[in-house]
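Nothing here was measured: the structure is a model prediction, and the numbers come from that model. Numbers restart at 1 for each chain; the letters A, B, ... are given by sequence-line order, proteins then strands.
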Number of protein chains: 2
Amino acid sequence: MEQVDRPPTLEDVAREAGVSRALVSLALRGSTRVSASSRDRIQDAVARLGYRPNLNARNLAAHLSGILGVLVSDLHNPFFAEVVDGLSAEAAAHGLHVILATGHANQAGERAALETLLSLRPAGIALTGPVLDSATIERAAAQVPLVVVNRLLRSDRLDSVTIDEYAGSALAVDHLVELGHRRITHVDGGAGAGAASRRTGYLRAMRRHGLGDLAAVVRGGFTESAGWDATDRLLRTVGRRDLPGALFVANDYSAVGVLARLGGAGIEVPGELSVIGFDDAHVAGMLSTQLTTVHQPKQAMGRLAVAALRGRQAGRATAQRQVVAPSLVVRGTTAAPGQALS
Amino acid sequence: MEQVDRPPTLEDVAREAGVSRALVSLALRGSTRVSASSRDRIQDAVARLGYRPNLNARNLAAHLSGILGVLVSDLHNPFFAEVVDGLSAEAAAHGLHVILATGHANQAGERAALETLLSLRPAGIALTGPVLDSATIERAAAQVPLVVVNRLLRSDRLDSVTIDEYAGSALAVDHLVELGHRRITHVDGGAGAGAASRRTGYLRAMRRHGLGDLAAVVRGGFTESAGWDATDRLLRTVGRRDLPGALFVANDYSAVGVLARLGGAGIEVPGELSVIGFDDAHVAGMLSTQLTTVHQPKQAMGRLAVAALRGRQAGRATAQRQVVAPSLVVRGTTAAPGQALS
DNA sequence: ATGAAAGCGCTAACAT
DNA sequence: ATGTTAGCGCTTTCAT
């Protein structure tokens with residue numbers, strides 16, 4: 001009959017190979033204390049039966065799993081997809097399995113996802129861009145090695161990998177200033193994560209260049225529509241003739257909205273106005289005029305996260321806060337100021 | 001001391017509440033055969049201890065987990081992100097946990113991810129856009145309820161959820177014809193999944209409109225660069241004066257590349273040439289001239305996948321092949337033919 | 001080098 | 001309504 005059999009167990013393999021379960025267990029994990037002949041017979045039995053260890057049983061007995069739990073706050077955000085990529089590559093390189101859970105970028109969803117992850121008793125947990133409250137995160141960190149990516153948390157129970165947002169903003173402003181711009185306006189990220197640092201970085205950089213008086217911030221957000229709206233407001237407020245020479249936008253999505261609104265008004269980029277983004281999202285390289293932006297080493301961040309987790313597993317008890325450096329990617333939306341007032 | 005305690009177990013809760021483990025187990029899963037007073041005491045104990053069930057133990061004992069394994073072939077593809085979203089929403093609605101594994105769109109990676117998933121002994125597995133060979137998939141389907149999203153497999157051991165690619169192509173061609181176009185060229189998806197069906201659907205639709213002789217296919221792919229290259233080739237081959245009136249591109253990413261190349265050549269869209277994509281990817285709505293495209297109900301596909309899995313769990317033994325219908329989203333890149341030869 | 005036996009934390013009959 | 005008793009499939013002393 002078309003009967004789905006119970007999957008073979010360690011015991012089945014042991015019987016098939018004519019040895020004890022303990023020996024199979026050892027052999028499976030590559031112990032050296034198993035004779036070559038036994039090892040071969042066991043391998044054969046495994047292949048013949050199509051045996052696959054039951055991780056639930058293994059984890060239960062071993063009190064330790066080769067599983068890394070990764071909470072992705074928002075799957076739609078390609079930023080996290082990149083981080084997860086680096087993460088899983090590094091995990092695989094060390095024989096670790098990655099389990100992903102997603103929280104739809106809201107606290108309740110993330111809390112539930114974190115619960116699931118914790119229930120699986122993983123060897124470590126990585127939180128990418130969590131919107132979760134810090135108390136919940138710290139509580140989790142007491143149970144399992146935990147690393148937070150893209151959010152800084154002051155706690156020595158957990159590690160973090162973040163990017164230097166200030167430096168990123170400085171990179172953007174410096175580039176624009178070098179091109180000859182002076183009136184540089186910032187379309188910020190509103191209340192989004194990292195928005196405050198990018199804003200502060202911008203203000204500092206402007207002041208450093210003696211341009212503090214020309215600094216101006218218009219409220220934005222991290223979505224295209226936020227960028228569109230902000231630009232729309234800017235156009236209404238200052239009018240087309242009084243536009244700044246350059247716009248430093250808090251992230252690439254928002255910058256796409258900015259460009260769309262600008263295009264609608266017939267304003268030429270970068271001829272009339274320069275635009276620079278932040279993140280080096282996939283979309284930045286896909287526009288007909290490709291976006292100049294601040295690159296974040298996302299894959300590297302994922303790899304560093306795994307390294308931190310492994311460090312904890314190896315016994316490190318002190319917090320490790322990695323801050324990675326962004327870099328500038330000059331593409332097509334920035335140029336020296338043209339006829340417009342710079 | 002700063003000691004991370006062993007997490008509390010069912011036994012700890014039972015002791016704390018002064019009842020047996022079995023009763024706690026029942027109460028935890030909401031059995032009605034538990035008195036109100038016991039239930040309260042147990043709830044208290046759970047809260048006091050911060051108890052969280054060990055899913056490894058639970059799954060091991062129950063031979064069944066509330067876990068759905070989802071294999072995402074490529075996290076970078078927002079298409080899958082959407083599907084997973086629908087999937088996890090539906091799963092959550094039925095008290096199921098979703099575990100994601102990713103395969104980086106290559107067979108070896110997917111095979112490893114599938115192994116991990118199977119080892120976790122989930123209640124069901126959903127494969128989204130797998131590039132895996134069908135034999136491996138069928139083998140997995142013998143062990144656990146399995147549904148394949150976005151790829152059709154002839155097997156009655158597994159269910160599938162796909163979109164009607166032919167209908168999608170027909171929608172695109174019909175729209176263009178209604179606008180008055182006759183010379184409609186297809187930039188295809190090359191060897192990509194679904195590309196063949198979209199191509200066939202295009203050819204059929206052209207013939208149905210009596211436009212079989214005007215049908216032309218240029219080799220493309222599912223990436224922006226593929227679209228860019230294809231358009232570049234087209235421009236060289238037929239020359240700018242002899243361009244068709246409309247381009248039906250196999251997916252939105254490719255369409256972005258097409259638009260970029262067209263923009264570079266100073267060809268106006270949709271004034272001089274209409275362009276229509278396929279997928280309704282996020283990017284389609286983000287361009288300065290938003291892309292007209294064929295929408296795929298991605299979230300719904302995710303929900304249907306979970307429904308199929310639940311059907312199998314409930315005992316259904318026959319294959320269920322769901323084919324969802326696409327729809328047309330008219331935006332800014334299509335219009336009636338202008339001065340160019342239509 | 002190999003085996004016997006005792007759990008890991010939970011569920012599931014079967015009692016009462 | 002509640003408790004007892006076996007396991008689930010694996011790892012891990014501790015023997016030999």
Side-chain angles (χ1 to χ4, degrees), chain A residues 5-43 45-46 49-67 97 116 118-123 143-144, chain B residues 5-43 45-46 49-67 97 116 118-123 143-144:
Chain A
D5 322 293
R6 169 182 64 64
T9 70
L10 231 204
E11 172 127 43
D12 298 327
V13 175
R15 198 179 311 114
E16 178 87 7
V19 295
S20 73
R21 297 181 311 170
L23 199 62
V24 176
S25 177
L26 288 175
L28 248 38
R29 280 164 307 135
S31 164
T32 50
R33 332 179 313 182
V34 179
S35 71
S37 75
S38 296
R39 160 161 296 131
D40 288 350
R41 297 222 311 291
I42 291 172
Q43 294 294 2
V46 165
L49 265 35
Y51 170 75
R52 178 185 353 260
N54 181 327
L55 285 191
N56 292 129
R58 173 176 288 188
N59 296 344
L60 181 58
H63 295 280
L64 182 164
S65 66
I67 291 183
H97 295 301
T116 302
L118 284 170
S119 296
L120 254 10
R121 304 287 191 269
Q143 319 235 33
V144 63
Chain B
D5 320 294
R6 170 183 64 67
T9 70
L10 232 202
E11 172 127 42
D12 298 329
V13 175
R15 197 179 312 113
E16 179 86 8
V19 295
S20 72
R21 297 182 314 169
L23 200 62
V24 176
S25 177
L26 287 176
L28 247 38
R29 284 166 303 139
S31 163
T32 50
R33 329 179 317 184
V34 178
S35 71
S37 76
S38 296
R39 160 161 295 131
D40 288 350
R41 297 224 310 292
I42 292 173
Q43 295 293 4
V46 164
L49 265 35
Y51 170 75
R52 177 183 358 257
N54 181 326
L55 285 191
N56 292 129
R58 174 176 286 187
N59 296 345
L60 182 59
H63 293 279
L64 183 164
S65 65
I67 292 183
H97 296 303
T116 303
L118 283 170
S119 296
L120 254 9
R121 303 288 191 270
Q143 319 234 35
V144 63

Item to check | Audit row: A/Arg29, A/Ser25, side-chain hydrogen bond (donor to acceptor under 3.5 Å, both in side chains) steps and yes/no | outcome: CA-CA 7 Å; A/Arg29 280 164 307 135; A/Ser25 177; 2.8 Å; yes
Next on the checklist: Using the side chain to side chain contact (heavy atoms under 4.5 Å, CB included) criterion, which residues pair with B/Glu11? Sequence neighbours excluded.
Outcome noted: B/Thr9, B/Arg15, B/Arg21
Measure the spacing between [atom1] of [X] and [atom2] of [Y] and express it to the nearest 0.5 Å.
X       : Y        : atom1 : atom2 : value
A/Asn54 : B/Arg121 : CG    : CZ    : 4.5 Å
A/Asn56 : B/Ser65  : CG    : OG    : 7.0 Å
B/Leu10 : B/Leu28  : CG    : CG    : 6.5 Å

Item to check | Interatomic distance, A/Leu120 CG vs C/dC10 P [rounded to whole Å] | outcome: 14 Å
Checklist entry - Could you state the CG-P distance from B/Asp12 to C/dC8, rounded to the nearest angstrom? => result 11 Å
Item to check | Test item: A/Ile67 and B/Leu120 side chains (from C-beta on) under 4.5 Å apart, heavy atoms | outcome: yes
Next on the checklist: I'd like to check B/Gln143 versus A/Arg6 (side-chain heavy atoms, cut-off strictly below 4.5 Å). Are they in contact?
Outcome noted: no
Checklist entry - Does the pair A/Thr116 and A/Ser119 meet the rule for a side-chain hydrogen bond (donor to acceptor under 3.5 Å, both in side chains), with working shown? => result CA-CA 5 Å; A/Thr116 302; A/Ser119 296; over 6 Å; no
Item to check | Any A/Ser20 side-chain nitrogen or oxygen under 4.0 Å from OP1 or OP2 of C/dA4 | outcome: no
Checklist outcome for this item: B/S/- along nucleotides 6-16 of chain D (protein heavy atoms under 4.0 Å) is BBBBBBB----
Next on the checklist: Between the opening five pairs and the closing five pairs of the helix from C/dA1-D/dT16 to C/dT16-D/dA1, how far apart are the helix axes, to 10°?
Outcome noted: 30°
